[in-house]
**Student:** 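Sending over a structure as structure tokens; questions will come in a sec.
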Amino acid sequence: MLKSRKNARILAASLCVALLGSFAFAKKSKEPVKEEAGYYYGYGKGSSIDEASVAAKKNLLEKALTEKARSLNPRASRVSVSASVASSRLSSLKPFEKDEKENSVIYRIKSEDWDKDELAYSSSLRASIADRFDSLSKKGLADKLNDSVDILSVLAENGETDVLTVSAGGNANDLFSAKIEDICKGAVKELEFKISVEDGIVGPDTKYVVSVSDASGSPVAGLNVKAYWEVPNLLGREDFEERDSTSVVKTDKSGKASVAFPADEAFHNKAVTLSVSTAFSASPEATSAMKKLDNASGVDGNFVHFDDVKSAFKVASVPAGEFNAGGIPKDKPGKSEASHKATTGAYEIELAPVTNAQYAAFLHATRAETKPEFFDNSNFNMENQPVVGVSVADAEAYAEWLSAQTGAKYRLPTEEEWEKAARAGKEVTYSWGDDDPVKAKKGNCKKNGKFKFTSPVGSFENANEWGLVDMSGNVWEWTSSTRDSEQNIVKGGSWMDGAKELRISNFKKVDGSKGTNEIGFRLVKEISE
């Protein structure tokens with residue numbers, strides 16, 4: 001027993017020694033810098049010591065300039081300076097601390113030394129822009145605005161927008177930036193921008209020309225114009241990847257400038273917006289006031305770009321003639337689905353239901369103020385899901401717009417046209433044949449095992465002989481036909497229904513003035529004689 005206790009004491013002592021040794025040799029965490037009063041400090045880290053050094057100087061400058069700006073105006077925003085200015089200023093200042101292993105740098109400067117440096121720097125900057133500022137009132141409209149953009153950009157890049165006054169020792173009412181902005185507000189009001197292309201569908205050969213005139217209607221030559229392209233998030237999706245492209249063009253003697261469509265494929269075959277304005281916000285260091293000047297002057301165009309319009313709205317041809325409509329024996333039709341002969345003329349019909357992306361493009365181009373109920377519902381608003389929540393009137397408005405844009409005549413199909421296209425010349429239960437949609441995994445319906453809501457069009461291998469997909473399942477589809485009352489006929493069944501509802505001969509009568517999350521549509525394209 002005594003021996004066991006002795007061994008235990010020895011073991012405990014050994015552990016204590018080991019622990020004390022590990023504490024003694026453990027790496028101490030770095031103590032934070034204790035800032036002394038009367039100094040400005042700047043902190044920076046980066047992928048290299050040089051990058052960290054620039055970041056630390058930038059941090060110091062922004063703190064010091066922010067304090068100066070708020071001495072003139074307590075409500076001034078935090079100042080920002082460009083990396084190039086940060087790397088060039090305070091060139092004689094040595095790092096207060098530098099850790100090359102961590103790529104971190106700390107600078108500090110005495111307040112009185114900073115004041116001296118800033119006084120010299122601001123005096124030099126004031127002298128460099130004073131003559132340009134004084135001459136603004138004598139310049140024409142284009143030169144006045146172009147020079148104002150340049151001066152404001154210099155002030156912003158140097159972090160002096162809310163700091164540099166026209167006269168040394170001036171107050172907040174004497175800021176260069178405020179005086180220039182006042183000049184520009186009046187000048188911008190005289191401008192009128194126009195885009196040569198109207199809202200709607202555009203293609204690879206579309207030419208975009210911006211025209212700028214003054215209040216008298218005379219062209220404004222030599223004006224720098226900002227052209228900003230954007231792919232807007234029309235469906236409000238959280239996974240949307242923003243795309244934009246900015247360029248600056250100059251108007252010619254006729255007040256016009258050509259704008260190129262972005263070469264980036266991310267802008268092709270999309271709904272896009274082109275905004276044109278003065279070029280204040282084209283500066284990398286543009287302030288909120290500069291952006292407001294652009295907003296006050298600009299106009300925009302809402303377009304739908306297609307490299308090939310025909311491929312964007314693919315259709316199948318349906319021949320004229322008679323066909324067997326309604327139920328077939330193996331279909332086990334109800335009384336309302338009695339077999340009968342029907343005749344149609346020749347027409348074309350879209351291969352798939354109209355998608356969210358297509359319908360959103362229509363809303364974008366027409367600047368519609370309302371949108372379908374489920375456009376902000378993540379269960380139904382993927383780009384390639386069929387649009388739902390649309391009424392018959394909504395579908396007809398889309399068809400009318402597409403007709404005007406393409407020169408073809410689009411409309412909702414009749415019940416007979418829809419059924420003829422679904423059968424593709426065969427007497428089958430479903431558009432793909434007679435296989436059960438659940439067992440054969442052919443259509444989006446109840447218990448399909450793949451989707452809980454609407455599926456992206458063409459997700460199932462269910463194309464019929466003419467290439468039409470999703471004719472059975474996914475969404476019911478509006479037709480222009482009515483029965484009994486003014487209720488419209490819908491065909492095809494939906495993701496909410498069982499196999500029986502997906503039969504081609506089946507139909508449902510629905511109030512056409514309302515949209516639901518199980519009804520979409522596809523269009524017929526009439527064949528011109």
**Student:** For a 4.5 angstrom cut-off between non-hydrogen side-chain atoms, does D435 reach K439?
**Tutor:**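 SC-SC contact between D435 and K439 ruled out.
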**Student:** Do the non-hydrogen side-chain atoms of E285 and S153 ever get within less than 4.5 Å of each other?
**Tutor:**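 The answer is no; the side chains never approach within 4.5 Å.
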**Student:** Looking at W495, F451, F375, which one forms a ring-ring contact (aromatic ring centres under 6.0 Å, His included) with F380?
**Tutor:**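 Filter result, single survivor: W495.
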**Student:** Could you measure the distance from the CZ atom of R522 to the CG atom of L412? Nearest 0.5 Å is fine.
**Tutor:**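 If we round to the nearest 0.5 Å, R522:CZ and L412:CG are 12.0 Å apart.
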**Student:** Is the closest basic N to carboxylate O distance between R411 and E400 below 4.0 Å?
**Tutor:**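 No, R411 and E400 are not salt-bridged.
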**Student:** Could you check whether D434 and T429, counting side-chain N and O atoms only, form a donor-acceptor pair closer than 3.5 Å?
**Tutor:**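 A donor-acceptor contact under 3.5 Å links the two side chains.
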**Student:** Establish, yes or no, whether a centroid distance under 6.0 Å links the rings of H305 and F261.
**Tutor:**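 Centroid separation for H305 and F261: below 6.0 Å.
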**Student:** What I'd like to find out is whether the side chain of V202 reaches to under 4.5 Å of the side chain of V304, using heavy atoms alone.
**Tutor:**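 Of all side-chain heavy-atom pairs linking V304 with V202, none is under 4.5 Å.
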**Student:** Give, for atom CD1 of I504 and atom CD1 of I328, the distance between the pair rounded to the nearest 0.5 Å.
**Tutor:**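 I504 CD1 to I328 CD1: 7.5 Å, rounded to 0.5 Å.
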**Student:** Inspect the contact between E241 and R243 and indicate whether a charged nitrogen and a carboxylate oxygen are less than 4.0 angstrom apart.
**Tutor:**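 Salt bridge between R243 and E241, a charged N being under 4.0 Å from a carboxylate O: yes.
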**Student:** Before we go on, tell me: are the rings of F303 and Y208 under 6.0 Å apart, centre to centre?
**Tutor:**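 Centroid distance F303-Y208: below 6.0 Å, so yes.
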**Student:** Are any side-chain N or O atoms of T251 and backbone N or O atoms of A257, one a donor and one an acceptor, separated by less than 3.5 Å?
**Tutor:**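 Checked: no pair found.
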**Student:** Give the table of side-chain donor-acceptor pairs shorter than 3.5 Å for residues 220-238, with sequence neighbours excluded, one pair per line with atom names and distance.
**Tutor:**
residue, atom, partner, partner atom, Å
N224, ND2, N146, OD1, 3.4
K226, NZ, S281, OG, 2.6
W229, NE1, A260, O, 3.1
N233, OD1, G236, N, 3.1
N233, OD1, R237, N, 3.1
N233, ND2, R237, O, 3.0
R237, NE, D239, OD1, 2.9
R237, NH1, N381, OD1, 2.8
R237, NH2, D239, OD2, 3.0

**Student:** Answer yes when R78 and E62 have at least one side-chain N-carboxylate O distance shorter than 4.0 Å, and no when they do not.
**Tutor:**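 Here R78 pairs with E62 in a salt bridge, since their nearest N and O are under 4.0 Å apart.
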**Student:** Where does the angle between the aromatic ring planes of F521 and Y398 fall among parallel (under 30°), tilted (30 to 60°) and perpendicular (over 60°)?
**Tutor:**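 Plane angle over 60°, so perpendicular.
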**Student:** Calculate, to the nearest 0.5 Å, the distance between atoms CE and CD belonging to M471 and E419 respectively.
**Tutor:**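 Output value for this atom pair is 9.5 Å.
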**Student:** Can you check whether E427 reaches S339 side chain to side chain, under 4.5 Å on heavy atoms?
**Tutor:**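 A side-chain contact under 4.5 Å is absent here.
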**Student:** Could you go through E373 and K514, starting from their C-alpha distance and side-chain angles, then the distance that decides it, and tell me whether this counts as salt bridge (Lys or Arg N to Asp or Glu O under 4.0 Å)?
**Tutor:** CA-CA 10 Å; E373 179 182 353; K514 299 177 181 179; over 6 Å; no
**Student:** When rounded to the nearest 0.5 angstrom, what is the spacing between CD in E383 and CD in Q358?
**Tutor:**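 E383 atom CD to Q358 atom CD measures 10.5 Å (nearest 0.5 Å).
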**Student:** Is atom CZ of R367 surrounded by more than 12 heavy atoms (other residues, nucleotides or ligands) closer than 6.0 Å?
**Tutor:**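 Enclosed: over 12 neighbouring heavy atoms sit under 6.0 Å from CZ of R367.
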**Student:** Measure the spacing between NZ of K314 and CG of D308 and express it to the nearest 0.5 Å.
**Tutor:**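 One gets 9.0 Å once the value is rounded to the nearest 0.5 Å.
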**Student:** Do the side-chain N and O atoms of S455 and N444 include a donor-acceptor pair separated by under 3.5 angstrom?
**Tutor:**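 Present: a donor and an acceptor within the cut-off.
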**Student:** I'd like to know if R483 and E415 make a salt bridge, using a cut-off of under 4.0 Å between side-chain N and carboxylate O.
**Tutor:**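 Between E415 and R483 there is a salt bridge, with a charged N closer than 4.0 Å to a carboxylate O.
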**Student:** Under a 3.5 Å distance rule, please check whether E51 uses its side chain to pair with a backbone N or O of S48 as donor and acceptor.
**Tutor:**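 Checking the backbone N and O of S48 against the side chain of E51, no donor-acceptor pair under 3.5 Å is found.
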**Student:** Quick one, K144 with E190, criterion salt bridge (Lys or Arg N to Asp or Glu O under 4.0 Å). Give me CA distance, side-chain angles, the key distance, then yes/no.
**Tutor:** CA-CA 12 Å; K144 180 185 295 183; E190 296 184 46; 5.9 Å; no
**Student:** Is the closest basic N to carboxylate O distance between K426 and E465 below 4.0 Å?
**Tutor:**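 Here K426 pairs with E465 in a salt bridge, since their nearest N and O are under 4.0 Å apart.
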**Student:** So how far is it from I180 CD1 to I151 CD1, rounded to the nearest 0.5 Å?
**Tutor:**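 If we round to the nearest 0.5 Å, I180:CD1 and I151:CD1 are 4.5 Å apart.
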**Student:** Can you find a pair of side-chain heavy atoms, one from K420 and one from V318, that are under 4.5 Å apart?
**Tutor:**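 Of all side-chain heavy-atom pairs linking V318 with K420, at least one is under 4.5 Å.
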**Student:** Which ring pair (Phe, Tyr, Trp, His ring centres under 6.0 Å) pairs, counting each pair once, include a residue from residues 308-336, with sequence neighbours left out?
**Tutor:**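 Pairs touching residues 308-336 that pass the test: F306-F313.
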**Student:** Does W466 reach the side chain of I349, with side-chain heavy atoms less than 4.5 Å apart?
**Tutor:**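 No, their side chains stay 4.5 Å or more apart.
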**Student:** More than 12 foreign heavy atoms under 6.0 Å from NZ of K441: is that the case here?
**Tutor:**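 Enclosed.
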**Student:** Assess the side chains of N302 and T273: does a donor N or O sit below 3.5 Å from an acceptor N or O?
**Tutor:**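 Checked: N302/T273 side chains pair up, N/O donor to acceptor below 3.5 Å.
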